[in-house]
Amino acid sequence: MMASELQKPTKKNRGFYVKMRILHKGKQPEKSLFFKYYQWILWFSLTLYFLTSFFITNKPIPLSKTHVFGSKSSLASRVLFESVNKTSQQPKLKNPVTFKDLKIYIYELPSEFNENWVSNKRCSNHLFASEVAIHRALFNAYDFRTFDPNQADFFFVPVYVSCKFSTVNGFPDIGHAPSLLFSAIQFISSNYHFWNRSQGSDHIFVASHDYGACFHAMEDRAIDNGIPEFLKNSIILQTFGVNYKHPCQDVENVLIPPYISPESIGKTLEKAPLTGNRDIMVFFRGKMEVHPKNVSGKFYSKRVRTEIWRRYKGDKRFYLQRRRFAGYQSEIVRSVFCLCPLGWAPWSPRLVESVALGCVPVIIADGIRLPFPAVVNWAEISLTVAEKDVGKLGHILEHVAATNLSAIQKNLWDPTVKRALLFNDHMQEGDATWQVLISLYDKLDRSYRRSRVSSQ
């Protein structure tokens with residue numbers, strides 16, 4: 001067909017139609033001046049509409065909006081501005097009914113409180129690195145972050161206290177934590193009025209260490225230290241938690257998982273899928289003292305790890321290793337059961353690694369409190385063995401393997417479970433930072449702004 005017309009709308013075919021003519025010879029009929037003018041107006045309007053839509057939805061957040069409110073100088077941390085424009089083009093998170101209009105203000109502190117520490121890459125990747133990860137996630141969460149502190153429900157204080165590593169043993173040296181945090185509070189209380197008006201009750205800190213804000217790896221020393229007075233009125237995001245009264249959780253707190261790099265988990269699962277072959281029945285790699293009394297004179301792991309080594313080191317069902325191995329995640333993903341005994345503190349990063357890599361966690365830490373129970377049903381994805389029953393481990397795990405192992409694995413391999421325990425630089429719906437926000441929303445009664453609105 002050399003020339004054609006699309007059918008005009010009838011009763012059965014209503015709507016717009018386009019009339020098309022293909023003319024090979026002759027000059028096209030000249031259109032009226034009114035028609036040309038109408039055509040030009042239509043073209044211009046559509047162009048303007050699409051251009052404005054594009055720039056509105058893709059407008060990056062300018063760095064000028066990230067200044068210190070009420071401060072004389074801008075102290076923006078470069079490490080957290082790495083991908084501001086790139087981040088603004090990330091899929092926009094929906095602000096769900098769960099959060100409603102929750103808003104968090106992030107203080108911009110001098111670089112000695114955070115940025116300077118991340119020059120050591122280990123700072124953002126070790127087991128205490130949730131203090132860095134949460135800062136980055138909130139920094140990039142524009143749906144929940146406000147640049148106007150007067151509109152904030154909560155105030156996040158980004159201080160990295162776990163990035164000073166001992167030159168003797170390489171472990172984080174957190175002895176400086178109280179003084180560093182106190183200096184940060186002096187800074188914000190001098191430059192802003194928000195701390196003083198609430199005495200810090202709507203301010204958030206991260207204490208991702210053995211015994212939270214008690215800032216010591218040994219329990220007796222941690223208890224002696226106690227939580228510093230200047231933090232006792234604030235909200236602490238902490239990895240330490242037990243289901244009985246303890247001085248190191250005697251503060252408003254949100255229990256969070258230890259940090260495990262989601263990138264490392266992803267790389268491991270690329271090589272060995274979650275549902276792949278698991279040829280190791282029981283796995284543990286880590287510190288197991290032959291003689292439980294440490295050089296400090298304390299009993300490490302309350303003798304639990306020593307008992308595991310003594311009883312099962314020659315048992316073919318148990319793959320136990322005392323030396324460090326950088327590729328140990330490849331062993332976890334091959335294992336059916338992963339032992340998660342207490343160390344100095346009840347919690348362990350193995351808990352998150354086991355869940356993320358599909359190995360059933362065997363928790364051996366009496367009284368431990370576990371993170372985000374509303375979304376992670378720990379009873380359905382893990383086993384809990386009393387410290388006194390370590391000698392029965394072989395029998396217990398054999399029984400589970402023969403009865404309900406497949407049901408536990410099915411629950412464990414649900415992707416929402418893994419997601420809830422991992423922190424991402426760009427918060428994802430359902431991830432660990434998302435769960436923190438849900439927990440904070442339940443504490444809105446501590447928000448000075450909300451209390452003022454409700455009283456009006």
Side-chain angles (χ1 to χ4, degrees), residues 87 90-107 130-158 188 194-195 197-208 212-213 231-241 243 249-259 352 369-378 416-456:
T87 301
Q90 296 280 327
K92 194 172 176 69
L93 290 170
K94 294 180 179 179
N95 198 338
V97 176
T98 311
F99 303 147
K100 294 185 179 176
D101 55 347
L102 177 68
K103 292 296 179 183
I104 297 177
Y105 180 78
I106 304 173
Y107 284 115
S130 55
E131 60 186 7
V132 181
I134 293 172
H135 184 194
R136 288 178 173 173
L138 293 177
F139 186 91
N140 292 321
Y142 297 114
D143 288 341
F144 308 103
R145 180 184 175 192
T146 179
F147 294 92
D148 180 0
N150 291 299
Q151 298 301 314
D153 297 305
F154 296 109
F155 297 80
F156 184 76
V157 187
I188 62 178
F194 306 103
W195 172 274
R197 74 180 184 182
S198 68
Q199 295 303 303
S201 66
D202 50 5
H203 284 57
I204 304 165
F205 298 83
V206 180
S208 52
L231 289 179
K232 285 187 175 180
N233 201 38
S234 298
I235 301 170
I236 309 296
L237 310 182
Q238 60 183 61
T239 44
F240 171 71
N243 56 22
Q249 63 180 13
D250 190 17
V251 64
E252 192 69 32
N253 66 82
V254 174
L255 192 64
I256 61 173
Y259 180 80
V352 174
R369 190 159 55 96
L370 299 167
F372 310 141
V375 66
V376 180
N377 191 331
W378 291 99
T416 60
V417 173
K418 176 180 73 173
R419 188 180 306 123
L421 298 178
L422 295 177
F423 292 100
N424 298 284
D425 285 355
H426 298 282
M427 184 173 66
Q428 299 175 11
E429 184 172 347
D431 74 359
T433 307
W434 185 275
Q435 306 305 328
V436 168
L437 292 183
I438 291 175
S439 299
L440 289 174
Y441 187 77
D442 291 338
K443 300 181 185 299
L444 275 177
D445 58 321
R446 300 177 67 85
S447 167
Y448 180 86
R449 183 180 78 88
R450 296 283 178 136
S451 64
R452 295 277 292 179
V453 170
S454 61
S455 64
Q456 291 175 356

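Any value given below was found using the heavy atoms of this structure, including those in side chains, with hydrogens, waters and symmetry copies removed.
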Between L422 and V352, does a side-chain contact (heavy atoms from CB on, under 4.5 Å) hold up when you go through it step by step?
-> CA-CA 8 Å; L422 295 177; V352 174; 3.9 Å; yes
Quick check, are the ring centers of H203 and Y107 under 6.0 angstrom apart?
-> yes
Donor-acceptor contact present, side-chain [X] to main-chain [Y], <3.5 Å:
X: N150; Y: D148; value: no
X: S234; Y: G200; value: yes
X: Q238; Y: I256; value: no
X: W378; Y: F372; value: no

Would you kindly check if the NZ (Lys) or CZ (Arg) of R446 is within the cone defined by 45 degrees around the ring axis of F154 and under 6.0 Å from the six-membered ring centre?
-> no
How long is the span from the CD atom in E252 to the NZ atom in K232, to the nearest 0.5 Å?
->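 Reported to 0.5 Å precision, the distance equals 14.5 Å.
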With rounding to the nearest 0.5 Å, note down the distance linking CG in L437 to CD1 in I134.
->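 It is 9.5 Å, given to the nearest 0.5 Å.
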Please state whether the rings of W434 and F144 are parallel, tilted or perpendicular, taking 30° and 60° as the class boundaries.
-> perpendicular
Working for side-chain contact (heavy atoms from CB on, under 4.5 Å), residues L231 and V251 = CA-CA 8 Å; L231 289 179; V251 64; 5.8 Å; no
Decide, yes or no, whether a salt bridge links K103 with D153 under the criterion of side-chain N to carboxylate O below 4.0 Å.
->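 The answer is no: the pair does not qualify as a salt bridge.
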Q435 and V376: side-chain contact (heavy atoms from CB on, under 4.5 Å), yes or no, with the steps?
-> CA-CA 10 Å; Q435 306 305 328; V376 180; over 6 Å; no
Excluding sequence neighbours, so at least two apart, what forms salt bridge (Lys or Arg N to Asp or Glu O under 4.0 Å) with D431?
-> none
